[in-house]
Amino acid sequence: CLVVVEGPSDRIILTAIADILGLNLHQRDVHVLDLIGADNFKYAISAFGTKGFDVGIMGLLDEDHCDQWAAVLGVAPEDLEELGYRVCRPDLEGEIVSALGAGRVTDLLVASGVFRERALLDVLGVDKRDDISDEQIAGYIRGRRKAQAATALAATMVEHDARRLTPLVELLRLSLE
């Protein structure tokens with residue numbers, strides 16, 4: 001099975017969740033392919049889909065790419081889930097913050113040692129952690145340091161955190177069936 005994801009941060013988080021949950025993807029012949037951009041989905045389908053190597057494909061995508069991916073597959077956007085695709089609403093970073101909350105995401109970033117609390121507070125324009133909103137921290141982790149944030153979160157998340165990221169956990173379960 002091939003699980004396609006939009007970019008490096010999606011791959012980092014998805015594979016970290018698999019590791020945290022003790023799911024050995026390689027042992028089960030599940031491979032995660034980073035498309036290096038959602039627009040490359042059509043090439044993955046061409047190469048690996050029914051007109052290519054005919055590999056079972058599933059995927060993780062942001063909400064704003066539903067129409068595009070559905071068109072490539074020749075289905076309605078609401079049928080993507082039936083085919084094994086999971087949609088992050090509005091995107092992976094939004095899913096993470098929605099599931100874990102701004103406080104927990106901030107704690108994980110700081111615990112990684114990659115991000116300093118004072119620097120985060122300054123960049124976000126707040127005085128203390130409790131003042132950080134979901135929108136602010138989601139915007140920050142989807143910004144220029146996206147891959148660094150994903151790596152930091154992947155390194156510090158625990159099982160309780162991972163299980164709360166429902167679309168990703170569902171996708172992993174499906175890929176192992």
Side-chain angles (χ1 to χ4, degrees), residues 1-100 104-105 108 138 141-143 145-177:
C1 174
L2 180 65
V3 178
V4 295
V5 297
E6 292 186 12
S9 58
D10 305 86
R11 180 186 42 76
I12 290 164
I13 294 291
L14 187 66
T15 57
I17 290 171
D19 290 344
I20 291 165
L21 299 179
L23 307 173
N24 187 330
L25 298 180
H26 293 292
Q27 185 178 39
R28 302 285 296 274
D29 205 23
V30 175
H31 305 278
V32 179
L33 175 65
D34 164 6
L35 296 174
I36 313 171
D39 292 339
N40 293 321
F41 178 68
K42 60 187 169 211
Y43 304 116
I45 291 299
S46 176
F48 298 108
T50 56
K51 294 180 181 172
F53 289 105
D54 200 16
V55 174
I57 301 177
M58 299 177 171
L60 183 70
L61 66 147
D62 294 345
E63 188 173 33
D64 63 345
H65 291 106
C66 282
D67 290 340
Q68 177 189 19
W69 285 32
V72 169
L73 294 169
V75 301
E78 56 270 13
D79 294 334
L80 285 171
E81 285 205 9
E82 227 175 90
L83 297 176
Y85 294 85
R86 291 298 178 262
V87 179
C88 292
R89 301 187 194 288
D91 54 21
L92 176 65
E93 296 76 21
E95 268 312 327
I96 291 169
V97 174
S98 177
L100 304 181
R104 180 66 179 151
V105 171
L108 293 170
I141 64 174
R142 73 172 57 100
R145 298 182 75 186
K146 189 174 186 168
Q148 276 184 308
T151 302
L153 292 170
T156 54
M157 274 193 299
V158 296
E159 185 175 348
H160 175 74
D161 300 317
R163 290 198 182 281
R164 295 182 72 181
L165 297 171
T166 307
L168 287 79
V169 173
E170 286 177 0
L171 180 59
L172 288 167
R173 282 194 189 124
L174 278 173
S175 71
L176 295 170
E177 289 179 356

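Minimum heavy-atom separation, N40 to I36: ND2-O, 3.3 Å. L33 approaches A44 most closely through the heavy-atom pair CD2-CB, 4.5 Å. Across all non-hydrogen atoms, the minimal contact from A99 to L165 is CB-CD2, 3.7 Å. When all heavy atoms of A162 and L21 are compared, the closest pair comes out as CB-CD2, 4.3 Å. Scanning all heavy atoms of the two residues, the minimum distance from D67 to P77 falls at OD1-CG, 3.0 Å.
Using a 4.5 Å heavy-atom threshold, the side chains of D64 and P90 count as separate. Under the 4.5 Å side-chain criterion, counting only non-hydrogen atoms from C-beta, V158 is not in contact with I20. By the 4.5 Å heavy-atom criterion applied to side chains, V5 and L35 are not counted as neighbours.
The SG atom of C1 sits 8.5 Å away from atom CG of D29, with the distance rounded to the nearest 0.5 Å. Rounded to the nearest 0.5 angstrom, I13 CD1 and E93 CD are separated by 8.5 Å. Of the inter-residue distances, the one linking K146 atom NZ with I141 atom CD1 reads 9.5 Å to the nearest 0.5 angstrom. Residue D161 holds its CG atom at 9.5 Å from CD1 of I17, rounded to the nearest 0.5 Å. To the nearest 0.5 Å, atoms CG (L25) and OG (S175) are separated by 6.0 Å. The CG atom of L60 sits 4.0 Å away from atom SG of C88, with the distance rounded to the nearest 0.5 Å.
For E78, the CD atom is densely surrounded, since the number of other residues' heavy atoms within 6.0 Å is greater than 12.
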side-chain contact (heavy atoms from CB on, under 4.5 Å) between V4 and L2, worked out: CA-CA 6 Å; V4 295; L2 180 65; 4.1 Å; yes
Full working for side-chain contact (heavy atoms from CB on, under 4.5 Å) between D91 and E63: CA-CA 6 Å; D91 54 21; E63 188 173 33; over 6 Å; no
Can L92 and L168 be said to form a side-chain contact (heavy atoms from CB on, under 4.5 Å), step by step? CA-CA 9 Å; L92 176 65; L168 287 79; 3.9 Å; yes
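Applying the salt bridge (Lys or Arg N to Asp or Glu O under 4.0 Å) rule to D62 yields no partners; only residues at least two apart in sequence or on another chain are considered. Here F41 pairs with W69, Y85 under the ring-ring contact (aromatic ring centres under 6.0 Å, His included) rule; sequence neighbours left out. Looking at residues two or more places apart in sequence or on another chain, you find no side-chain hydrogen bond (donor to acceptor under 3.5 Å, both in side chains) involving R173. Residues meeting the side chain to side chain contact (heavy atoms under 4.5 Å, CB included) test with L174, sequence neighbours left out: M58, R86, E177.
Applying the side chain to side chain donor-acceptor pair (under 3.5 Å) test to every pair with at least one member in residues 5-24, sequence neighbours left out, gives these pairs: E6-H65. Applying the ring pair (Phe, Tyr, Trp, His ring centres under 6.0 Å) test to every pair with at least one member in residues 3-37, sequence neighbours left out, gives these pairs: H26-H31.
Checking side-chain atoms of T151 against main-chain N and O of A147 turns up a donor-acceptor pair under 3.5 Å.
Of the residues I12, L100, V105, the one that meets the side chain to side chain contact (heavy atoms under 4.5 Å, CB included) test with L153 is V105.
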